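Both backbone and side-chain heavy atoms feed into the values below; hydrogens, waters and symmetry mates do not. If you're wondering where the values come from, they're calculated on a predicted model, not measured in any experiment. Every chain is numbered from 1 and lettered A, B, ... according to where its sequence line falls, protein lines coming before strand lines.
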Amino acid sequence: MKDREIELIHKAQKGDSFAFEQLISSYDRQVLSLAYSIVGNSDDAQDIYQEALISAYKALPKFRMQSDFFTWLYRIAVNKAINFKRKKLQYQVESITKPDSDSYGSDHDLRISSSETPEEVTIQKEMKDIIEEAVLLLSTQERMAFVLCHQQGYKLHEAAELMDCTLGTVKSYLFRSREKLKVHLKPYMEN
Amino acid sequence: MSKDKLKEEVLLYLYGELSEEDKLSFEEDLAKYDNLRKIYEAEKKNHEFFSLSTEKEISDSLLQDSRSELRRRLKEENNSSLTDSSASGGLLHLLFGSPSKIVAALSMLTFGILLGKFVSIQIDFDNSIEVHQLTSSIEGIISNELLGSADMEIADMKIIAYDAESEEITLSIDAVTSVAIRGNISNHKIQTILAAALQSDLGPSIRLKSVDLLQMNIGNIEIVNALIYALKNDDNPGVRLKAVEALGPYSDNSDVKEALLNTLKFDQNAGVRIQAILALKDNKDPKVLEVLKQKMESDENEYIRDQSRESVSDWTINKTGREI
């Protein structure tokens with residue numbers, strides 16, 4: 001951990017919320033992004049973001065610097081996202097409507113190669129939306145495993161640590177998520 | 001190998017989970033076996049298709065909104081720990097009635113916590129138990145009955161000396177116990193404890209309560225010094241803010257003035273600087289004027305610049321009888 005980060009942790013542990021804000025400023029975009037990937041809409045993503053970071057602030061006095069701060073923070077966010085979905089499911093049938101696209105970064109399409117034609121870009125954008133809708137049909141754990149390992153590039157053992165389960169369990173969530181996605185996306189994949 | 005096992009191997013390969021050795025072996029098998037290659041080609045195609053969906057990119061405006069909301073909630077969180085005193089004050093009012101009794105009860109509580117934390121005693125077991133040493137100046141508060149009672153927890157113990165012939169032993173014990181003390185807020189010992197709490201790391205809420213209580217009756221220079229210490233060193237802006245409020249009426253004192261000026265010049269928190277300027281604005285010392293002139297030009301906070309300008313303007317009018 002960097003000296004500056006350690007200093008900010010010490011200050012935040014003593015109740016300095018400004019230091020806490022500085023501390024998380026390098027990481028909170030990723031927390032919000034993870035939340036968004038799991039719930040598919042900005043309102044719920046913001047709720048998870050708030051819940052996770054407030055919990056982290058409250059729990060920070062117990063943080064003993066024995067693990068990486070980001071891993072600690074991200075683990076809280078992962079758990080909040082999983083529990084948020086669980087709570088939500090108790091009260092309502094999940095909406096599988098298209099995720100709201102206004103909140104995506106304006107440059108998210110820039111990753112599509114500039115050599116592609118506008119038609120190809122449009123098709124890829126549509127496919128991306130369709131896959132995201134299909135991802136929202138997975139169970140929360142399958143979705144989390146898919147987002148962490150497939151979209152965010154975490155290794156299986158890292159995802160297991162973040163999700164607080166065994167490596168074998170994450171592996172089966174991930175593989176099952178792929179099988180389900182294949183079923184949901186079969187018509188598009190064949191074309 | 002079963003089809004499922006082969007598929008698992010393929011997926012582990014695609015996710016980069018195989019060791020270097022296993023990877024090479026897998027690639028050799030891939031070149032050799034058609035069935036494996038078929039599975040691999042199919043899964044690779046799926047993999048690429050799924051990869052069209054990437055990690056969500058969050059817009060700056062959504063992030064900024066989230067951060068603003070978080071700031072508000074963190075403030076609420078901090079305030080709720082600060083207002084614990086208000087909430088408990090309501091309860092105490094019901095229990096004790098008058099504000100002075102509440103103050104006395106709060107003092108007692110704080111004193112108890114501090115004493116529990118810091119008391120270090122040395123006991124000489126002879127015919128009786130005797131308290132030799134206390135780390136603070138509150139000798140005589142611990143009764144002999146307390147020693148060895150179920151309410152006292154021994155945190156550490158050292159055998160200082162043991163004479164086998166006489167069978168006399170001297171022990172040093174770090175004891176943790178809760179002790180209550182009742183007294184008026186102006187009591188020197190109570191104020192000393194509160195001042196010690198102010199300079200401790202017991203937590204911002206305890207330090208805030210201590211400043212609040214001390215503010216009611218600043219009885220001596222030790223308290224002023226403790227408040228100055230808090231103003232200069234406390235990490236928590238809430239504590240520093242309260243310290244400025246408490247010291248404000250004493251801004252004619254040169255040490256206090258110096259501390260307030262330093263706060264106005266260097267404190268990172270605009271709220272604390274605003275409180276410092278309010279405490280100093282009527283002070284007609286040229287040193288103050290000099291700092292105010294700097295602040296009216298350079299402070300990043302608009303309110304501080306305005307207040308400095310206003311104070312400088314008032315100062316010059318009063319001094320010369322006409323506006324410059």
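Chain A forms more heavy-atom pairs under 4.5 Å with one residue of Leu74(B), Leu14(B), Leu12(B) than with any other, namely Leu74(B). Taking chain B as the reference chain and counting heavy-atom pairs below 4.5 Å, the highest number among Ala45(A), Ser37(A), Ser33(A) is found for Ser33(A). Comparing Ile130(A), Leu174(A), Leu32(A) by heavy-atom pairs within less than 4.5 Å of chain B, the highest count is held by Leu32(A). Among the candidates Gln268(B), Lys45(B), Glu43(B), the residue making the largest number of heavy-atom pairs closer than 4.5 Å to chain A is Glu43(B). Contacts with chain B were tallied for Asp16(A), Leu181(A), Val135(A); Leu181(A) has the most, counting heavy-atom pairs under 4.5 Å. Looking only at heavy-atom pairs under 4.5 Å with chain B, the residue among His150(A), His157(A), Glu21(A), Gln13(A) that has the most is His150(A).
Distance check: Ile131(A) CD1 to Leu52(B) CG gives 4.5 Å after rounding to the nearest 0.5 Å. Here CG of Asp28(A) is found 5.0 Å from CG of Leu63(B). Values are rounded to the nearest 0.5 Å. Here the OH-CZ distance, from Tyr15(B) to Phe175(A), works out to 8.0 Å after rounding to the nearest 0.5 Å. Phe49(B) CZ to Tyr188(A) OH: the interatomic distance, rounded to the nearest 0.5 Å, is 9.0 Å.
The pair Glu51(A)-Arg73(B) does not count as a salt bridge, with every side-chain nitrogen at least 4.0 angstrom from each carboxylate oxygen. In this structure, Lys14(A) pairs ionically with Asp235(B), as a charged nitrogen and a carboxylate oxygen lie closer than 4.0 Å.
The environment of Lys265(B) atom NZ is dense: over 12 non-hydrogen atoms of other residues, nucleotides or ligands sit within 6.0 angstrom. For CD of Gln64(B), the number of neighbouring non-hydrogen atoms (other residues, nucleotides, ligands) closer than 6.0 Å is greater than 12.
The nearest pair of heavy atoms linking Arg178(A) to Asn46(B) is NH2-CB, 4.0 Å. In this structure, Glu8(B) and Lys171(A) approach most closely via the heavy-atom pair OE2-NZ, 3.0 Å. Asn78(B) and Gly15(A) get closest at one heavy-atom pair: ND2-O, 3.4 Å. When all heavy atoms of Ile58(B) and Arg29(A) are compared, the pair lying nearest together is O-NH1, 2.6 Å. Scanning both residues, Ser53(B) and Lys128(A), for their nearest heavy atoms gives CA-CG, 4.2 Å. Pairing each heavy atom of Ser66(B) with each of Gln46(A), the nearest pair is OG-NE2, 3.1 Å.
Heavy atoms of Leu34(A) lying under 4.5 Å from chain B are absent altogether. Looking at Ser51(B), both its backbone and its side chain come within 4.5 Å of chain A, counting heavy atoms on both sides. For a residue to count as touching a neighbouring chain, one of its non-hydrogen atoms must lie under 4.5 Å from one of that chain's; by this rule Asp65(B) touches chain A with backbone and side chain alike. Only the side chain of Lys7(B) comes within less than 4.5 Å of a heavy atom in chain A; its backbone stays farther off.
For the pair Ser25(A) and Arg67(B), the minimum side-chain heavy-atom distance is below 4.5 Å. Side-chain contact check for Asn269(B) versus Phe18(A): every heavy-atom pair is 4.5 Å or farther apart. Residues Leu70(B) and Tyr57(A) are not in side-chain contact: their nearest non-hydrogen atoms beyond the backbone lie 4.5 Å or more apart.
Between the side chain of Lys58(A) and the backbone N or O of Glu77(B) there is no donor-acceptor pair closer than 3.5 Å.
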